[in-house]
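What follows is a single structure, written as structure tokens, with notes after it.
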Amino acid sequence: MQAKAGATKFSERTFRTGNRVKAGAVITLVAGGSNRRMSGGATAAQLIRAAEFGSNRRDSYTRYNRVSPKGTRHTVTRRTSRQLPTFRSKGYAVYPASKLAIKRIASLQVQTVTRRLHEAIEG
């Protein structure tokens, strides 16, 4: 960069000693970042992984014991993960949405840095 410092008026101003461009806010994409409890008692942060990627236990069974209203004990067998979609490594919601948004976010950051450089050069 020092070798290019005096090549043009633009580079002379841009690479001048002590010139700095203040970075904007760091962009962070957060899915399920809420800690607010839902009606079932879980938070979005606790449920987002299963909702985003699905379940690899879709057709596996879970057995547990319960007591009927009449007081008899018996074993119940059910598919506890049936309500979730099948596992997909690329996700169902957050990853596809961020894939669409990242191009625009990167473009906005480049525009912001370019504008700040231009403003710094103009004085």
Find the distance between [atom1] ([X]) and [atom2] ([Y]) and round it off to the nearest 0.5 Å.
X      : Y      : atom1 : atom2 : answer
Ile102 : Gln109 : CD1   : CD    : 11.0 Å
Glu122 : Arg115 : CD    : CZ    : 14.0 Å
Leu117 : Thr112 : CG    : OG1   : 11.0 Å
Arg116 : Ile121 : CZ    : CD1   : 14.5 Å
Asn65  : His74  : CG    : NE2   : 9.0 Å

Practice task
Would you please test Thr77 and Arg63 for side-chain hydrogen bond (donor to acceptor under 3.5 Å, both in side chains) and show each step?
Solution key: CA-CA 4 Å; Thr77 304; Arg63 291 192 171 143; 3.1 Å; yes
Exercise for the section: Give a yes or no on whether Arg73 atom CZ has more than 12 heavy-atom contacts from other residues, nucleotides or ligands under 6.0 Å away. Expected result: no
Problem - Heavy-atom donor-acceptor pair, Ser107 side chain to Lys103 backbone, under 3.5 Å - result: no
Problem - Qualifying residues under salt bridge (Lys or Arg N to Asp or Glu O under 4.0 Å), relative to Arg88, sequence neighbours excluded - result: none
Problem - Minimum heavy-atom distance Tyr64-Arg78, with the two atoms named - result: OH-CD, 3.3 Å
